[in-house]
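One structure is given below, encoded as C-alpha cells.
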Amino acid sequence: MKTFFGSFFGAITGIIIATIIALIVVFAAIGSAFDSDPVIKIKDNSILHLNLNGLIAERANKEQLPNFASLGDQRPVGLDQILSAIRKSTKDERIKGIYLEGSMCGAGMATVEEIREALKTFKASKKFIVSYGEIYTQKGYYLSSVADEIIIHPEGGMEFKGLSAQVMFFKKMLEKLEINVQIFRHGKFKSAVEPFDLEKMSPANREQTMTYIGSLWYTMLKGIEQERKIPLATLDEIATQLKVRKSQDAVTLKLMDKTAYYDEVLELLKKKSGAEKKVQLVTLNRYAKSPLVKEEEEENKSKNKIAIIYAVGSIESGEGDDETIGSDRIAKAIRQAREDSTIKAVVLRVNSPGGSALASDVMWREVVLCKKVKPVVVSMGDVAASGGYYISCAADVIVAQPNTITGSIGVFGLIPNIENMLKNQVGVTVDTVNTNPHADMGTLLRPVNGMEGEMIQQGVEDVYTTFITRVAEGRKMKTADVDSIGQGRVWSGSDAQKIGLVDSLGGLSDAIRIAARLAKVGDDYRLKKLPVMKSPFENFLKDGGAEVQQAYVNRELGTLRNEYQQFMRAKLLLTTKGIHARMPYDVVIF
C-alpha cells in the first residue's frame, strides 16, 4: 500500500510540474506575440558577424521558445537566414565587411558549399572577410578559406589530415544478445543492412565509400587551391605528412595568414571598417531584424510566386514535422503549389537520407502531377539519397552541390527475431495461436520461414523494380542503365552529374533561377516557402519536451555525439516497419 501511494503521489507531482512548465511556455509564447521587437539601428562602418559554429538548419523559425541555455544547446540558425543576410549586406553601404567565425562549423558539406559561394560573391563586391578561430576543423577551414584573411589563435590548432569514414557494426553484440536480424535487400551496394550482418565493410561498400569520400576530399582541396593559391598536390601532401602540428605551422604553410589574440583581431576589424571608437559588430539575428532589411523583404509585391518546398529529414508516412519528411504534409504542400495559379514554378529542396519506400512513392506521385502543370526543379542539400532521390527523380531539373551525397538507389527490409533472447537471456517463452499458418508473419517472436521469406524478398524486388523504373522515366534513361548505377550505390553530386542522375551543380539560388527561367517570369517573382513551419509551441506540445532532452544528450555526449547518432539510427532501422529506401549510414564530415 505504501508503495502504491508513493507511486501515485509521485505521478501526481510529475503531472503538476509538467503543467506548470507548459503554462510557463504558454505565457512566454503569448507574451512574445504581443511584444514588438525593439527598433534596431545599424550604424555606419558596421561589420556583419557570422558565427556559424553551431548547427545550421535549412530554414530559420522566426518564432522562438525560451532557450534552455543551461543545457548548452545552441539553436540552429537557418541557411535561408544566412544566405539572405550575406546577399543583403553585399549591397548595404553600412556594412563594410564580414567577421566570420566558422572554424567549428556544424553544417553538412553541401550547406558549407552554399554559404561559401555566397561569401565569394560578397567578397567580389570589394568588401572584406576576416575569419578567426581557436581551433579549425577541416570543414571549418574549408568554409573559412574564402576569407581575405584567416587568423588563428597563437596556441590554437588546425586539423588537416584527409577524410575518413567509420561505420559501427552490431553483429557481435546482437549475437551475444541472441538477436537474429533477418535481412531482405536488393543491391550489392545497399549497405544499410551490413552493420547487422557483418563485422566490417563488404568490398562493394568499401569501394563506394572510398569513391565518394575521395570525391568530397578533391572538392575541398580544389576549393582551397583556388582561394589560397596552394597547389592541390601540395595540400594533399600537407595532409599526408601531418605537417600542421601547431598554429605557426599553418601560417608557415600559407594555410593561415597569421596568429593573433581576440583583442588583436578586434583592433584589426576596427581599422578595416573605419570605425572611430570601437568596432561595430552586428549579429545575424540583429541584422535580420533591422528595419531596412525587413522593408526589403516586404517590398516585393509581384503576383508571380516560386514555391520553395522544404523536404528535410528521414521519410515516413503521416504528418511529420520540420525535421522529418511526413508524406502527407509534403504531398499536401506540393498539391497546394500545383493548384495555386499564382505559383508559377516549384523548387523542391531535398535534404534527406531516405526512409519509407511507400511514403516516398506518395510524394513522387505529387511531383509527377505538379510537373504536368508547372516546372519543378529539385535543389539537393547535404544529402538526397535513396528515398530522397526517389522523390527527386521526376523533376524537370535536378541541381546538386559537388559534395552533395545522392544516389543510393536500392531498397531493403529488416525483421529482428528476439525469440532466443527472451528465452535464454530473460527466461520468457512464447506460445502462439493462429487461425492461419502465417497469421503471425513479421512478428519479432519467431523467425521467418521459407515461404514468408520468399514473399518478403519478392516485395523488396518489386519495390526496387518500381524505384529504377521511376528513375528511368524521370531521367529519360534505360532501366538497365539505372540498374547499373543503382544497386544501392552512393555517389557524390559531382560524380552523379557525370552519370546522369544530376543535371547541374549549384545551390538553392541556382535552382530558383532555373525555375524562374523555365516559368518565363524573368526577375518578376517572389518566393513562397512551404510547408508553413510549425511554431515552437506546437512542437513543444507534440514532442513532450524532446528538444530539452536532446539538448541534454548533446551536452553530455560531446564528441561522442556522432557514435550515439549511429546507434540511434540502428535502433530506428530495427524498429521501423516496411521496406526502406534509405542511405547506408549518415555522413558526418569534421
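On a predicted model such as this, the values are computed, not experimentally measured, just so you know. The figures that follow rest on heavy atoms only: side chains count, while hydrogens, waters and symmetry mates do not.
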Contact summary for Leu48 and Ser89, nearest pair of heavy atoms:
CD2-OG, 3.7 Å

Exam field: side chain Thr406 to backbone Ala384, donor-acceptor pair closer than 3.5 Å:
yes

Nearest 0.5 Å, please: how far is CD1 in Ile86 from CG in Leu100?
8.5 Å

Compare every heavy atom of Val376 with every heavy atom of Cys370, then report the nearest pair and how far apart it is.
SG-CG2, 3.9 Å

How long is the gap from SG on Cys105 to OH on Tyr141, to the nearest 0.5 Å?
15.5 Å

Between Leu50 and Glu101, is a side chain to side chain contact (heavy atoms under 4.5 Å, CB included) present by the stated rule, with each step listed?
CA-CA 6 Å; Leu50 291 183; Glu101 286 189 277; over 6 Å; no

Check the side chains of Asp340 and Thr342 for a donor-acceptor pair under 3.5 angstrom, ignoring hydrogens and angles.
yes

Tell me whether Asp44 is salt-bridged to Lys96, with the criterion being a basic N under 4.0 Å from an acidic carboxylate O.
no

Between the main-chain N or O of Gly156 and the side-chain N or O of Ser247, is there a donor-acceptor pair closer than 3.5 Å?
yes

How about Arg59: does its CZ atom have over 12 heavy atoms from other parts shown lying under 6.0 Å from it?
yes

Check the angle between the aromatic planes of His49 and Tyr99 and answer parallel, tilted or perpendicular using the 30° and 60° thresholds.
parallel

With side chains defined as the heavy atoms from C-beta onward, is the minimum distance between Ile98 and Val130 less than 4.5 Å?
no

Scanning both residues in full, the closest heavy-atom pair of Ser492 with Ser215 reads OG-OG, 2.7 Å

Could you tell me if the side chain of Ser360 sits less than 4.5 Å from the side chain of Trp364, heavy atoms only?
no

When you look at Val471 and Leu501, which way does the side chain to side chain contact (heavy atoms under 4.5 Å, CB included) test go after all the steps?
CA-CA 9 Å; Val471 175; Leu501 294 179; 4.3 Å; yes

Could you check whether Asp148 pairs with Lys127 (Lys NZ or Arg NE/NH1/NH2 to Asp/Glu carboxylate O, under 4.0 Å)?
no

For residues Arg87 and Thr121, is any side-chain donor paired with an opposing acceptor at under 3.5 Å?
no

Going by an N to O cut-off under 4.0 Å, is there a salt bridge joining Arg338 and Glu366?
yes

Gln336 side chain near Lys528 side chain, heavy-atom distance below 4.5 Å
yes

Inter-residue atom distance Gln401.CD - Gln497.CD, 0.5 Å rounding:
11.5 Å

Does either side chain, that of Ser494 or that of Lys498, offer a donor lying less than 3.5 Å from an acceptor on the other one?
no

Tyr136 side-chain N/O to Gly133 backbone N/O, donor-acceptor pair under 3.5 Å
yes

Just do the side chain to side chain donor-acceptor pair (under 3.5 Å) check on Asn45 and Glu276 with the steps written out, would you?
CA-CA 9 Å; Asn45 299 324; Glu276 294 182 1; over 6 Å; no

Can you tell me how far apart CD (Glu58) and CD1 (Ile56) are? Round to the nearest 0.5 Å.
10.5 Å

With a 4.0 Å cut-off on N to O distance, would you call Arg349 and Glu114 a salt bridge?
yes

Report yes or no: does Glu319 contribute a side-chain atom to a donor-acceptor pair with the main-chain N or O of Asp328 at less than 3.5 Å?
no

Using modelled atom types and a 3.5 Å cut-off, is there a donor and acceptor pairing between side-chain atoms of Lys374 and backbone atoms of Lys371?
no

With a sphere of 6.0 Å drawn around OH of Tyr218, does it hold more than 12 non-hydrogen atoms of other residues, nucleotides or ligands?
no

Might you work through the side chain to side chain contact (heavy atoms under 4.5 Å, CB included) test for Lys278 and Gln280, ending with a clear yes or no?
CA-CA 6 Å; Lys278 66 176 183 177; Gln280 301 292 333; 4.2 Å; yes

Should the pair Tyr132 and Tyr262 be assigned to parallel (<30°), tilted (30 to 60°) or perpendicular (>60°) ring geometry?
tilted

Report the C-alpha distance between Asp322 and Arg329 in whole Å, list the side-chain angles of each, state the deciding distance to 0.1 Å, and finish with yes or no for salt bridge (charged side-chain N to carboxylate O under 4.0 Å, His left out).
CA-CA 10 Å; Asp322 296 326; Arg329 187 175 184 228; 2.8 Å; yes

On a heavy-atom basis, which atom in Ala60 and which in Met533 lie closest, and how many Å separate them?
O-SD, 3.4 Å

Residue pair Asn53 / Ser103, side-chain heavy-atom distance below 4.5 Å
yes

Residues Glu237, Lys243: salt bridge by 4.0 Å N-O rule
yes

Tell me whether Ser352 contacts the main-chain N or O of Gly354 through its side chain, where contact means a donor paired with an acceptor under 3.5 Å.
yes

Roughly how far, to the nearest 0.5 Å, is the CG atom of Leu143 from the OG1 atom of Thr137?
9.0 Å

Just by distance, do the side chain of Ser46 and the backbone of Ile42 share a donor-acceptor pair under 3.5 Å?
no

Is it true that Asp249 and Lys246 make a salt bridge, defined as a side-chain N closer than 4.0 Å to a carboxylate O?
no

Thr234 side chain to Ile230 main-chain N or O, any donor-acceptor pair under 3.5 Å?
no

Evaluate Thr219 against Asn403 for side chain to side chain donor-acceptor pair (under 3.5 Å), listing each step before the verdict.
CA-CA 7 Å; Thr219 298; Asn403 43 21; 5.6 Å; no

Would you say Ile514 and Val399 make side-chain contact, with heavy atoms under 4.5 Å?
yes

Give the minimum heavy-atom separation between Leu284 and Ala85, together with the two atoms involved.
CD1-CB, 3.3 Å

Ignoring hydrogens and geometry, is there a side-chain-to-backbone donor-acceptor pair from Lys139 to Ala107 under 3.5 Å?
yes

Under a 4.5 Å cut-off applied to non-hydrogen side-chain atoms, are Val146 and Phe122 in contact?
no

So, are Lys123 and Glu227 salt-bridged, with charged N and O less than 4.0 Å apart?
yes

Considering all heavy atoms, the nearest Ile398-Met380 contact:
CG2-CE, 3.6 Å

Kindly indicate whether the side chain of Lys303, heavy atoms from C-beta on, has any atom under 4.5 Å from the side chain of Arg526.
no

Charged N-O contact under 4.0 Å between Asp524 and Lys344
no

Passes salt bridge (charged side-chain N to carboxylate O under 4.0 Å, His left out), Glu149 versus Lys272? Steps please.
CA-CA 11 Å; Glu149 288 189 70; Lys272 279 184 166 291; 3.3 Å; yes

pair Asp257-Arg228: side-chain heavy atoms closer than 4.5 Å
yes

Test your reading of the model: is there a side-chain donor-acceptor pair from Ser386 to the backbone of Ser408, 3.5 Å cut-off?
yes

To the nearest 0.5 Å, how far apart are CD in Glu339 and CG in Leu369?
10.0 Å

Between the side chains of Asp523 and Arg517, is the shortest nitrogen-to-carboxylate-oxygen separation below 4.0 Å, so that they form an ion pair?
no

Test Asn351 against Tyr310 for side chain to side chain donor-acceptor pair (under 3.5 Å), laying out the working first.
CA-CA 8 Å; Asn351 200 339; Tyr310 287 88; over 6 Å; no

